[in-house]
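Only one structure is covered here, and it is reproduced in the block below.
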Amino acid sequence: MMMRMAYMIYIPWLLVAQFLLLVPLTTSKVPAIIVFGDSSVDAGNNNVIPTLLKSNFKPYGRNFPGGRATGRFCNGRVPPDFISEAYGLKPLIPAYLDPAYTIADFATGVCFASAGTGYDNATSAVLNVIPMWKELEYYKDYQNKLRAYLGIEKANEILSEALYLLSLGTNDFLLNYYVFPTRRSQFSIEEYQDFLVGLSGNFIRDLYALGARKISLTGVPPLGCLPLERLTNKMGHHGCNEKYNDVSLEFNGKLQNLVRRLNKELRGVTVAFADSYQSIDQMITRPSLYGFEVVGVACCSTGTFEISYLCNEHNPLTCLDANKYVFWDAFHPTEKTNRIVVDHYIDSLLVRFR
Ligand SMILES: *[C@@H]1O[C@H](CO)[C@@H](O)[C@H](O)[C@H]1NC(C)=O
């Protein structure tokens, strides 16, 4: 109780400090935000590919500007949108495959992410989504279009000054390793983590070779606390699955070591690590600090297993106020959670990448 009181006293000062740090951002030299990864950051690329993993229908997007279901797996915006806004760029990062946008829009921000993907090719194959090597192919295509649009010199300047955001890994564990026997028969969980970290390093080296210099790598959230994983944790009385949380922490630790190695290895690069685990864990363990009332189930429908088409507008149980929930569907945070994750990270991001 004393702990909680102490936190309540300090929180307003944290907010004030964050607000002050946001002030000088108009001087930022980051001209574009370029996003790779999975549903944690997908802005709608899955809308136009033949997969069952989509979210371009209600109630997704109900708190998005205009109430539009863009294909973001959220009631509103996802973290890259908030990061872009904090850099004084546009408040929404468009999906590269969305035909409503052109290279003029993508010049200040573009998203190549695909819900359901992972570092492992076998993960993207589960739901027939875009594998990471293909996200990189789309990025090369984007580079060519940007050079044709702005001229080689201006385009290259944007590509090297841009901030690159990578966010994925969850699906490699929860959609692949723990669901299908193939990877489990080939790798222990420690070996699989190392395999994924190797792929993450290769992806960043490829990006670097293509001109990227400012990179932020996001780790995985507390996987065992996602509502779907609580639902299946019958032995643990539907609490967080601690085994999965331990895997998350271990994997994030290995990613942080990778980040340290890459900063030494690649000349002129800055790679930062974004620890979404710690902020989401804090929201789950101290929800009242943030005005949350529900952490164990999601807002959409019963909040226990509904994702994608199972979370739809014909479900009468969907909550009225998503701001009281940490999770929007059984796998994805609410917009409010996304905003707080970015709030916790943006100061160090703005300091490291200008
Ligand atoms: C993933 O697939 C691509 C395309 O087939 C291939 O080039 C790449 O080597 C594969 N990655 C791994 C780790 O097998």
Side-chain angles (χ1 to χ4, degrees), residues 34-54 95-97 110-145 159 164-212 215-220 223 244 247-248 250-266 269 271 273:
I34 299 178
V35 184
F36 298 91
D38 62 15
S39 60
S40 58
V41 292
D42 188 353
N45 287 306
N46 276 22
N47 298 353
V48 298
I49 64 168
T51 175
L52 285 171
L53 193 61
K54 293 182 198 277
Y96 190 57
L97 300 184
V110 58
C111 171
F112 300 100
S114 173
T117 203
Y119 288 111
D120 184 353
N121 283 340
T123 302
S124 53
V126 173
L127 287 164
N128 196 28
V129 299
I130 304 171
M132 289 309 284
W133 65 265
K134 187 100 178 264
E135 290 193 19
L136 205 64
E137 288 300 311
Y138 283 126
Y139 171 65
K140 292 179 194 166
D141 183 55
Y142 164 73
Q143 288 198 330
N144 292 335
K145 286 187 177 139
L159 295 169
Y164 293 76
L165 305 177
L166 273 63
S167 177
L168 68 160
T170 293
N171 300 312
D172 293 303
F173 297 104
L174 299 184
L175 200 60
N176 183 359
Y177 189 86
Y178 286 115
V179 178
F180 296 101
T182 310
R183 289 307 192 205
R184 282 208 309 281
S185 71
Q186 296 167 322
F187 300 106
S188 70
I189 185 62
E190 288 79 17
E191 289 166 347
Y192 191 59
Q193 291 172 11
D194 294 339
F195 173 66
L196 299 178
V197 169
L199 296 175
S200 180
N202 290 344
F203 188 86
I204 292 174
R205 287 184 192 96
D206 288 345
L207 263 188
Y208 175 83
L210 289 164
I215 302 169
S216 166
L217 175 65
T218 303
V220 291
L223 298 179
Y244 288 177
V247 167
S248 317
E250 221 169 48
F251 182 61
N252 285 345
K254 290 178 179 187
L255 287 177
Q256 279 172 282
N257 288 338
L258 169 73
V259 164
R260 271 182 226 115
R261 288 200 303 275
L262 291 170
N263 278 312
K264 289 194 193 126
E265 174 191 322
L266 305 175
V269 84
V271 188
F273 181 75

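Note that this is a predicted model, so its numbers are computed, not measured. Just follow the structure's listing: the first ligand is 1, and inside any ligand the first atom is 1.
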Practice item. Measure the spacing between OH of Y208 and CD1 of I215 and express it to the nearest 0.5 Å. Key: 9.5 Å
Study note, to complete from the structure: Sorted by chain and number, sequence neighbours left out, side chain to side chain donor-acceptor pair (under 3.5 Å) with N176 holds for D120, T123, Y192
**Study point:** Contacts of type side chain to side chain donor-acceptor pair (under 3.5 Å), residue D194, not counting sequence neighbours
**Key:** K254
Study note, to complete from the structure: The side-chain contact (heavy atoms from CB on, under 4.5 Å) partners of E250 (sequence neighbours excluded) come to E190, Q193
Review point. In order of chain and number, which residues sit within 4.0 Å of ligand 1 by heavy atom?
Key: N121, W133, L199
Check your understanding: Are Y119 and F203 near enough that their ring centres are under 6.0 Å apart?
Key -> no
Review point. Any chance the rings of F112 and Y142 have centres within less than 6.0 Å?
Key: yes
